[in-house]
Amino acid sequence: MKFASSYEPNQYEADIYAAWETSGAFEPTVPTIPIDNNADGKDDRKGLCYSIVMPPPNANGNLHIGHGLTIALEDSLTRYNRLKGKSTWYIPGADHAGFETWVVYERALEAQGHTRFEFDRDELYARVWDFVAMQRGNMELQLRALGASCSWKDLTFTLDENVIDRVYTTFEKMWNDGLIYRGEKLVNFCPKHQTAFADIEVEHKDEPGTLWEIAYDDIIVSTTRPETLFGDVAIAVNPEDERYRDLIGKHVHLPLTDREIEIIADEHADPAYGTGAVKITPAHDFDDFEVGERHNLPRIQVIAEDGTMINVPEKYLGLTAKECRKQVLKDLKDQGFLKGEKNITHSVAHCYKCGTVLEPTLKEQWFIDVKKLAATAIKHLENNEIKFHPANKQKVLINYLENLKDWNISRQIPWGIAIPMFKKADESATDEPDWIFDRRTNLKTIEKSGVKYVRDEDTFDTWFSSSHWPIVCTDWSEENPTPYYPLNVMETGADILFAWVARMIMVGLYVTDEVPFKEVYLHGLVLDEHGKKMSKSKGNVINPMDLVAKYGSDAFRLGILRGRSAGMNQAFSENSVIAGRNLCNKLWNISRLIQNVIDENTKGSENVLSRGISDNGSLRSEEPRNDGRDEASRERSIPLPYYTNNMGEDWICRELDTCLVQIENDMKTYRFAEAIETLYQTIWDKYADWFLETQKIYRNTPLLKKTLETILIALHPFAPFVTEAIWQNLSWTEGFIITEKWPEKLIYDPISAENFESLITIVSEVRTTLQSLPGTNNAKKYGLLYDNDSLVEDNLLLIKALTKVPEINALNGAPRGLRIALANHELYLDVPEKVVNEYKDALTEKILSVGRELDALNQRMLNPNYVQKAPEHLVKETKDAIKEKEALIDRLKAQLSLI
RNA sequence: GGGGAUUUAGCUCAGCUGGCUAGAGCGUACGAUUCACAUUCGUAAGGUCAUAGGUUCAAGCCCUAUAAUCCCCACCA
């Protein structure tokens with residue numbers, strides 16, 4: 001006896017995963033390396049291949065609940081397509097996570113009493129490399145525990161040589177195309193981490209602040225940053241502002257200094273805000289920077305990168321910006337320049353990692369001119385070359401690209417890909433360019449044409465390298481395009497639509513001339529059970545690994561996918577995992593029952609049980625049905641021959657077919673939750689509760705085998721472990737379910753299947769009536785009487801078993817007992833007079849409720865427009881329903897009059 | 001300021017192209033049960049589909065407005 005009485009995931013999961021991995025099942029069957037193409041240059045293998053890449057988790061981190069969702073989604077897609085016969089390539093990855101890892105490392109360094117400034121860049125890089133190597137591997141184990149069927153030998157690390165190579169190639173191409181420029185611009189600079197960020201990495205938070213009013217001679221300006229006044233180069237007023245029109249062009253005295261600055265006219269000044277006059281500090285404010293550009297103003301930097309004051313009167317030199325503000329305010333007040341002070345709320349830029357207020361800082365950085373890249377991306381997006389789930393994100397993305405500003409790709413952290421640019425060290429070599437591209441970033445200095453060049457110390461923004469992800473993972477190259485590029489789908493979090501998806505599209509198009517993926521599926525945040533964001537400080541973080549350990553990997557996957565749709569931030573609770581666990585256990589026990597039947601059948605004498613007891617005497621088919629699979633295609637798969645003997649069997653075939661079609665549609669449209677819902681109901685409510693119950697009487701072992709295989713394979717994409725565990729325990733299956741074929745449709749008699757629906761209605765109505773009778777254990781007390789009803793007569797055993805009534809007899813004479821509320825069947829519960837009387841109220845209520853339904857239907861038919869305009873089949877259905885309800889009411893009334 | 005969403009049972013969510021009595025899981029109540037499964041089986045209660053108008057033979061779904069909640073982008077001297 002292989003099947004224990006309940007499914008224990010821990011006993012199977014690790015072994016099963018190891019067996020899959022060593023069997024090679026995770027690897028694509030069609031070669032990933034290019035082969036000779038046809039003369040037309042088209043790769044015929046494309047349609048056979050299914051490719052998807054994993055958004056690389058942090059190499060030295062642990063997986064969180066979002067990764068759990070990611071893997072559940074991507075692996076379900078992968079497994080489904082594998083079963084569908086595609087050569088699937090699910091490519092795993094690991095992220096060096098430039099800034100994230102750097103922050104963790106620097107913290108560790110500081111804990112040991114060191115600072116980054118004790119080491120040079122190459123030393124730091126090597127140290128972080130070791131640090132990551134030491135911590136690495138956890139997340140890969142966790143991906144395995146989640147069942148990710150990815151091709152491990154193709155794991156791509158974001159610092160792999162081919163990645164760096166490809167990134168350098170793109171950068172060189174951009175440099176040659178003039179898309180890269182070095183500019184002194186204002187950048188978001190974190191004084192704590194000493195690095196700049198791209199706009200997208202900045203976190204804006206609304207905070208209380210103070211708006212000070214300071215007199216510059218005749219004009220009063222409003223500012224939140226008085227300490228930057230030493231960097232002021234002008235005062236701007238709105239050209240439309242009557243109050244100041246006459247002052248435009250005049251010079252005023254800059255307080256606390258002996259400098260004079262000009263009053264200029266610029267739209268930037270909002271007459272309604274503050275005093276309507278604004279001081280212009282191009283070196284420390286993004287808007288002012290632009291004003292400065294428009295008016296050709298100088299930039300005076302007064303706060304250094306370390307946060308201390310420079311280029312200011314001696315009194316303030318070396319103070320931190322904070323100290324300086326205090327001192328400036330005091331001096332302004334003392335000297336009568338401070339005219340007002342207001343409390344306001346304004347949004348302040350913060351470092352997304354440490355929360356430090358970012359300082360807009362003037363810095364020379366590498367930028368990508370994104371105009372052309374964005375325009376190309378927009379063109380392809382508008383051409384609908386990428387299908388989005390949810391669909392609205394396409395518009396959101398286009399909207400973003402239309403307003404995209406140039407992209408700062410320089411980071412001042414050592415942990416990352418070195419920017420392959422070298423600066424001329426010898427000023428006297430005037431004919432040589434100031435900057436040259438060179439791949440030899442392992443060298444600090446190089447020589448070219450006899451001139452010495454020094455390596456730029458900065459590294460790339462990680463989004464610049466990860467925007468190559470589909471290209472580098474599939475090993476695409478100009479010479480050898482692979483059939484796995486573009487990816488079939490890019491699945492990732494909706495929160496990185498701009499940071500990542502947008503950039504993959506721009507870079508993908510730039511490098512390959514093709515969109516990097518055909519579809520995008522974006523998942524939302526996993527919220528806690530109350531719909532709140534998970535965070536360490538709130539203490540509501542759920543660790544996916546805990547749930548996997550407690551309920552099994554399948555239960556987690558089913559639970560996290562349940563009730564989830566694309567792009568939405570949705571709640572998650574342990575309850576849904578429990579529901580998933582229950583389904584796994586149910587399936588386990590279904591299989592146990594079936595295996596028992598098979599075992600008994602092989603032991604016992606020839607086919608007595610499998611043919612079953614026929615009390616309808618109408619075995620129709622003795623010939624096994626062939627399900628149409630190509631017999632030569634696989635060794636094991638002489639398709640299981642099966643046949644249907646009765647209407648329950650026809651019915652389950654019909655229901656399974658419907659279920660398969662629904663799943664196929666759901667997977668095409670990425671409706672995972674609905675696919676699971678369908679499976680849940682088919683397996684539990686239909687297969688177990690109805691079909692298997694009938695099979696306790698009529699045993700059809702070939703069909704039991706066939707149908708069990710069907711549901712196992714259909715559920716496999718979502719619950720890979722339990723379905724494989726069962727597959728391995730069943731006596732007749734061979735090989736792995738992971739590499740099975742998606743089931744073909746079953747063949748059945750549709751009329752017979754429909755008859756079973758009637759039987760379900762009869763059984764349900766009997767059950768309802770029994771429940772509503774006074775007393776308990778009614779099912780055991782009262783028999784059932786029927787009159788002139790072949791459906792009942794042919795299925796006495798079945799109805800008896802399903803309703804649990806002690807006996808069923810023909811009526812033979814006048815109606816007696818309690819009529820079951822069915823229009824088309826003469827069925828009575830053989831209850832004593834007394835009980836019938838007690839049922840009177842319930843019967844009256846039943847008549848009334850059917851009457852209300854009938855009224856509604858009649859109302860509809862009375863409307864001439866409905867009869868005229870509604871589709872014919874609807875009108876016919878309404879007519880039929882009316883007839884049926886009328887008949888039912890008549891019969892119930894007749895019953896009532898008897899009481 | 002610009003953009004995107006959400007609102008359906010106690011809770012979390014489905015409901016596709018408008019069409020039968022609006023569904024599921026969990027929770028609740030009542031009942032059952034000796035051998036596939038208490039991680040079980042059966043039955044039931046529970047809905048103003050946010051609100052107000054409109055279109056339509058027909059609206060949870062389409063249109064208009066309103067309210068509440070949430071997210072993103074830009075800006076806030």
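Every chain is numbered from 1, with letters handed out A, B, ... down the list of sequences.
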Looking only at the side chain of A/Tyr680 (C-beta and beyond, no hydrogens), which of the listed nucleotides B/U39, B/G25, B/A36 gets closest? B/G25

Look at A/Glu359 together with A/Arg225 and state whether they make a salt bridge at an N to O cut-off of under 4.0 Å. yes

Please classify the nucleic acid contact of A/Arg581 as base, sugar-phosphate, or nothing, using heavy-atom distances under 4.0 Å. base

Can you check the A/Asp685 CG to B/U43 C1' distance for me, whole Å? 14 Å

Under 4.0 angstrom, heavy atoms only, what part of the nucleic acid is A/Phe498 near: base, sugar-phosphate, or nothing? sugar-phosphate

Could you tell me how far apart A/Asn399 (CG) and B/G3 (C1') are, to the nearest whole angstrom? 5 Å

Test log, rule side chain to side chain contact (heavy atoms under 4.5 Å, CB included), inputs A/His523 and A/Tyr521: CA-CA 7 Å; A/His523 62 255; A/Tyr521 181 91; 4.1 Å; yes

Residue A/Ile590, side-chain heavy atoms: nucleotide from B/G31, B/A74, B/A36 that is nearest: B/A36

With sugar-phosphate meaning primed atoms plus P, OP1 and OP2, does A/Glu402 contact a base, only sugar-phosphate, or nothing at under 4.0 Å between heavy atoms? nothing

Which whole number of Å gives the distance between the C1' atom of B/A58 and that of B/A22? 15 Å

Would you call A/Arg294 and A/Asp266 a salt bridge, using N to O less than 4.0 angstrom? yes

Counting the benzene-type ring for Trp, do A/Phe691 and A/Tyr698 have ring centres under 6.0 Å apart? no

According to the Watson-Crick and G-U wobble definition with distances under 3.5 Å, which dot-bracket string, read 5' to 3', encodes RNA chain B, using [ ] for crossing pairs and | for pairs with another strand? (((((((..((((.....[...)))).(((((.......))))).....(((((..]....))))))))))))....

Return yes if some donor-acceptor pair links the side-chain N/O of A/Gln595 with the main-chain N/O of A/Ser731 below 3.5 Å, else return no. yes

Annotated protein contacts, base or backbone, on nucleotides 9-19 of chain B with a non-hydrogen cut-off under 4.0 Å, one of B, S, - each: ---SSSSB--B

side-chain N/O A/Lys586 vs B/U39 OP1/OP2, d < 4.0 Å: no

Are any of the side-chain nitrogens in A/Glu886 or A/Lys883 under 4.0 Å away from the carboxylate oxygens of its partner? no

Atom-pair distance (NZ on A/Lys393; P on B/C71), nearest Å: 13 Å

How close or far is atom P of B/A36 from atom CG of A/Leu708, stated in whole angstroms? 16 Å

Taken to the nearest whole Å, CG/A/Asn392 to P/B/C71 is 17 Å

Could you check A/Val805 against A/Tyr782 for side chain to side chain contact (heavy atoms under 4.5 Å, CB included), going step by step and ending with a plain yes or no? CA-CA 6 Å; A/Val805 296; A/Tyr782 309 122; over 6 Å; no

Counting the atoms with a prime plus P, OP1 and OP2 as sugar-phosphate, which does A/Lys532 contact under 4.0 Å by heavy atoms, base, sugar-phosphate, or nothing? nothing

Basic-acidic side-chain contact under 4.0 Å: A/Glu877, A/Lys879: no

A/Ser576 near the nucleic acid: base, sugar-phosphate alone, or nothing, with a heavy-atom cut-off under 4.0 Å? nothing

Say we look at B/A74 and B/G53: how far apart would their C1' atoms be, to the nearest angstrom? 35 Å

Please identify each residue that fulfils side chain to side chain donor-acceptor pair (under 3.5 Å) with A/Lys586, with sequence neighbours left out. none

Using whole Å, what does the distance between atom P of nucleotide B/C20 and atom CD of A/Glu757 come to? 17 Å

Rounded to whole angstrom, note down the C1' distance from B/C49 over to B/G1. 34 Å

Could you tell me the separation between the CG atom of A/Asn596 and the C1' atom of B/C35, rounded to a whole number of Å? 10 Å

With rounding to whole Å, what would you report as the distance between B/G47 and B/C63 at their P atoms? 29 Å

Polar pair under 3.5 Å, donor/acceptor by atom type, side chain A/Gln771, base B/G42: yes

State whether A/Trp407 and A/Arg503 meet the cation-pi test: NZ (Lys) or CZ (Arg) under 6.0 Å from the six-membered ring centroid, and within 45° of the perpendicular axis. yes

Sorted by position of nearest nucleotide on RNA chain B, 5' first, the leading residue of A/Val348 and A/Asn863 is A/Asn863

Regarding A/Thr768, tell me which of base, sugar-phosphate or nothing describes its non-hydrogen contacts under 4.0 Å with the strands shown. sugar-phosphate

Passes ring-ring contact (aromatic ring centres under 6.0 Å, His included), A/Trp588 versus A/Tyr12? Steps please. CA-CA 13 Å; A/Trp588 180 262; A/Tyr12 297 95; 5.5 Å; yes

Using the C1' atom as the reference point in each nucleotide, state the distance between B/A5 and B/A44 in Å, no decimals. 37 Å

Taking the P atom in each of B/C62 and B/A14, what is the distance between them to the nearest angstrom? 15 Å

For A/Lys405, answer base if it contacts any base atom (sugar-phosphate contacts may also be present), sugar-phosphate if it contacts only those atoms, and nothing otherwise; contact means non-hydrogen atoms under 4.0 Å. sugar-phosphate

When all nucleic acid strands are considered with a 4.0 Å heavy-atom cut-off, which category describes A/Asn403: base, sugar-phosphate, or nothing? nothing

Side-chain N or O of A/Asn575 versus OP1/OP2 of B/G27: is the shortest distance under 4.0 Å? no

Roughly how far apart, to the nearest Å, are B/U8 and B/U51 at atom P? 10 Å

Would you kindly give the CG-to-C1' distance between A/Asp689 and B/U43, to the nearest whole Å? 13 Å

Report which part of the nucleic acid A/Trp684 touches: base, sugar-phosphate, or nothing (heavy-atom distance under 4.0 Å, all strands). sugar-phosphate

Base, sugar-phosphate or nothing for A/Gln681? Non-hydrogen atoms, less than 4.0 Å. sugar-phosphate

With rounding to whole Å, what would you report as the distance between B/C41 and B/C35 at their P atoms? 13 Å

Just to be sure I understand the rule, does A/Ala673 reach a base, reach only the sugar-phosphate, or reach nothing, if contact means heavy atoms closer than 4.0 Å? nothing

Would you indicate what A/Asp288 reaches in the nucleic acid, counting non-hydrogen atoms under 4.0 angstrom: base, sugar-phosphate, or nothing? nothing

Charged N to carboxylate O under 4.0 angstrom, A/Lys686 versus A/Glu655? yes

